[in-house]
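FYI, side chains are in, hydrogens and waters are out, and symmetry mates aren't considered; it's all heavy atoms of this structure. When a ligand or atom number is given, it counts from 1 through the structure's own listing order.
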Amino acid sequence: MEIDHVGIAVQDLAAALVRWTPLLGPPTGPPEVVPSNRVRVSFLESGASHVELLEPLDPDSPVSKFLAQRGEGIHHLAFRVADVDRALGEVIARGGSVVDRIGRPGARGRRVGFAHPRAFGGVLVEFVEVP
Ligand code: CO
């Protein structure tokens, strides 16, 4: 299973881009608002994968809660899958818990779904559907 991207929670997307652009180059496009996760994101290329910078839209965003508890840093690991519903179903079948039982709209027009951090020893795992 290929890593699609690594998600990094940041307080300020513009400030984070100033830090990351010298390392990875400019973002792939303008920042994108992802309403389903209440975040604004930018992607930077890293080989066949990406780094996703996530800034919360408001205090109710899950990323706001993450920042309050753990501060800025790695937020999730995203794997590329052909069928996000099946990937979530396999986690459930193995006794793991999930945030999403089926996929939902994510960044870049792709369907995504999150397992619960409990399922992977404290690591939040996202599946990204790339048909
Ligand atoms: Co992500």
Side-chain angles (χ1 to χ4, degrees):
M1 198 176 272
E2 286 179 26
I3 292 179
D4 185 78
H5 64 269
V6 175
I8 297 177
V10 303
Q11 300 277 6
D12 181 324
L13 185 55
L17 284 169
V18 169
R19 286 196 295 270
W20 282 93
T21 297
L23 185 68
L24 295 177
T28 56
E32 178 184 353
V33 170
V34 185
S36 69
N37 216 21
R38 303 172 84 89
V39 289
R40 180 181 293 108
V41 303
S42 281
F43 286 85
L44 299 103
E45 263 182 29
S46 173
S49 301
H50 289 85
V51 166
E52 177 186 31
L53 302 173
L54 305 109
E55 173 195 69
L57 284 181
D58 55 56
D60 291 331
S61 167
V63 173
S64 290
K65 288 165 187 139
F66 179 93
L67 288 168
Q69 288 171 4
R70 295 163 73 164
E72 290 188 311
I74 293 178
H75 177 261
H76 65 270
L77 191 56
F79 294 100
R80 210 167 284 159
V81 296
D83 184 334
V84 75
D85 298 337
R86 174 181 289 192
L88 292 164
E90 286 170 358
V91 172
I92 295 166
R94 290 195 306 269
S97 36
V98 292
V99 176
D100 305 301
R101 298 192 75 83
I102 57 162
R104 57 185 160 107
R108 300 173 295 174
R110 300 214 171 120
R111 292 182 74 234
V112 303
F114 286 88
H116 193 279
R118 276 194 301 270
F120 294 100
V123 178
L124 177 60
V125 167
E126 177 181 15
F127 298 111
V128 180
E129 190 166 282
V130 181

| N, O or S atom of His5 closer to the Co ion (ligand 1) than 2.8 Å | yes

| task | Report, as yes or no, whether the 6.0 Å neighbourhood of atom CD1 on Ile92 holds more than 12 heavy atoms from other residues, nucleotides or ligands. | result | yes

| task | Looking at Glu52, pick out the N, O or S atom nearest to the Co ion (ligand 1) and give its name. | result | OE1

| query | How about His75 and Glu52: does a side-chain donor come under 3.5 Å of a side-chain acceptor? | reply | no

| query | Less than 4.0 Å between a side-chain N and a carboxylate O, is that true for Arg101 and Asp85? | reply | no

| task | Using a strict cut-off of less than 4.0 Å between a Lys/Arg side-chain nitrogen and an Asp/Glu carboxylate oxygen, indicate whether Asp4 and Arg108 qualify as a salt bridge. | result | yes

| the Co ion (ligand 1) to nearest N/O/S of Asp4 below 2.8 Å | no

| field | Considering only N, O or S atoms of Glu126, the one closest to the Co ion (ligand 1) | value | OE1

